[in-house]
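The structure appears right after this line, and notes come after that.
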Number of protein chains: 2
Amino acid sequence: MGITKSEHFTDEQNELATLAKAIGHPARIAIIQHLIKVNSCVCGDIVNELPLAQPTVSQHLKELKNAGLIKGNFEGNAICYCLNEEGFNKIKGFFQHINAYLENKKNQCC
Amino acid sequence: MGITKSEHFTDEQNELATLAKAIGHPARIAIIQHLIKVNSCVCGDIVNELPLAQPTVSQHLKELKNAGLIKGNFEGNAICYCLNEEGFNKIKGFFQHINAYLENKKNQCC
DNA sequence: TATTTATATTGCAATATTACGATATAGTTT
DNA sequence: AAACTATATCGTAATATTGCAATATAAATA
C-alpha cells in the first residue's frame, strides 16, 4: 500500500533507514559532496551548482536537514549550510559494523 | 514530475544514491542486520524474522540484490542469501571521506 | 510424474517522492 | 517604506515505492 510499516521495526532500524534514504538521491549526494568541498555555502550557491530549480533544491536541503545530515544558519538574508556531524555519526557505527564483519567472515554459501 | 534527473548527475553520484536508497528502508536494514548475525540464510528464514508477507520480503531481497548489496545461491530448492562485499565497498570510501572531513574541519558557520 | 516446498512474479491499491511554477516570507539596502 | 535579494512554501502533475493476494516457477521428494 505504499506505506512503510515503521511501527514493526526497531527505532534503530527506522533511524538508519531514514538517514540512508535521505542520502539516497543523486542531488543530495551532490549537495553533500559540494559542502565537503567548500566547507559551507549558501543555498544559492547550490542552486548554481545543480541542474535543478530553486524550489527543488530547497526541498532537498529540507530533507537533508530533517534527517540531521546538514545544518543551516542565517547569515545576512541568506542561509549558510554545512554538514551536521551528528547525523553522520549515527550511520558511522552501522557501516563500521558491516565492514568489520565483511573483513573477517569466510563466505559460506555465496 | 516524480522522475529523478539521473542524467544530469555523475555516474558516481547516481551509484552512491542507488546504494543508499537500497539501504533506506527499515525492512532492508533488518535483512542486512540479520545476515550479519547468521552469516547466511534462506529467504524463508527472513520471512519468519520480518513482519512482512513473503512476496514483500522477496521484493526487498530483489532490491538489495539489484543494488549489489547481497548475493543469493541456490541450495537445494531454497536460495541462500548473504552480504555482497562489492556493494558495501563502493559506499565505504564515501563515508570514510565524510568522516575524515568531519574529524578535521573547524565548523565555520554552523 | 504428482505432490510438496521454496521463492519469484503479476497485478493492483494506497501512499510517497520528485520536480517546478507561482507565490509567500524574511532580511537588506536604498 | 519601497525595492531588492535569498529562501521557503503551496499546489499540482508525473512517477516511484510499498505491501500483499493470487499465481507462477523451480527444485526435491514421494
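Chain letters run A, B, ... following the sequence lines, proteins first and then strands; every chain starts at 1. Note that the structure is a prediction, hence the values are computed from the model and not measured.
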Open item on the list: Checking contacts here: which listed nucleotide (D/dA21, C/dA16, C/dT18) is nearest the side-chain heavy atoms of A/K21?
Closed with: C/dA16

Task: Polar side-chain atom of A/E103 near backbone of A/A100 as donor-acceptor pair, under 3.5 Å - done: no

- [ ] Could you state the atom-to-atom distance from CG of B/N14 to P of C/dT18 in whole Å?
- [x] 13 Å

TODO: Using whole Å, report how far CG of B/N73 lies from P of C/dT7.
DONE: 13 Å

TODO: Measure the distance from NE2 on B/H8 to P on C/dT18 and round it to the nearest whole Å.
DONE: 16 Å

TODO: Name the residue closer to the 5' end of DNA chain C, choosing between A/G76 and A/H25 according to the nucleotide with the nearest heavy atom.
DONE: A/H25

Task: Base versus backbone protein contacts along nucleotides 6-12 of chain D [heavy-atom cut-off under 4.0 Å; B, S, -] - done: SBBB---

Open item on the list: Could you check whether any side-chain heavy atom of A/L64 comes within less than 4.5 Å of a side-chain heavy atom of A/I32, counting everything from C-beta outward?
Closed with: yes

Task: Length of the CG-P vector between A/L64 and C/dT17, whole Å - done: 13 Å

Open item on the list: Please report the interatomic distance CD1(B/I70) to CD1(B/I31), rounded to the nearest 0.5 Å.
Closed with: 6.5 Å

- [ ] Could you point out which residue of B/K65, B/E75, B/K71 forms a side chain to side chain contact (heavy atoms under 4.5 Å, CB included) with B/Y81?
- [x] B/K65

Task: Distance, rounded to the nearest Å, where B/E75 contributes CD and C/dT7 contributes C1' - done: 14 Å

Open item on the list: Using OP1 and OP2 only, check whether a side-chain N or O of A/H60 sits under 4.0 Å from C/dA19.
Closed with: yes

- [ ] Quickly work out the A/F9 CZ to D/dG19 C1' distance and round it to whole Å.
- [x] 11 Å

- [ ] Grab the CG-C1' distance between B/L50 and C/dT7 for me, whole Å please.
- [x] 15 Å

- [ ] Measure up the A/F9 and B/H25 rings against each other and bin them: parallel (under 30°), tilted (30 to 60°), perpendicular (over 60°).
- [x] perpendicular

Open item on the list: Can a donor-acceptor pair be found, under 3.5 Å and without considering hydrogens, that links the side chain of B/R28 to the backbone of B/A22?
Closed with: yes

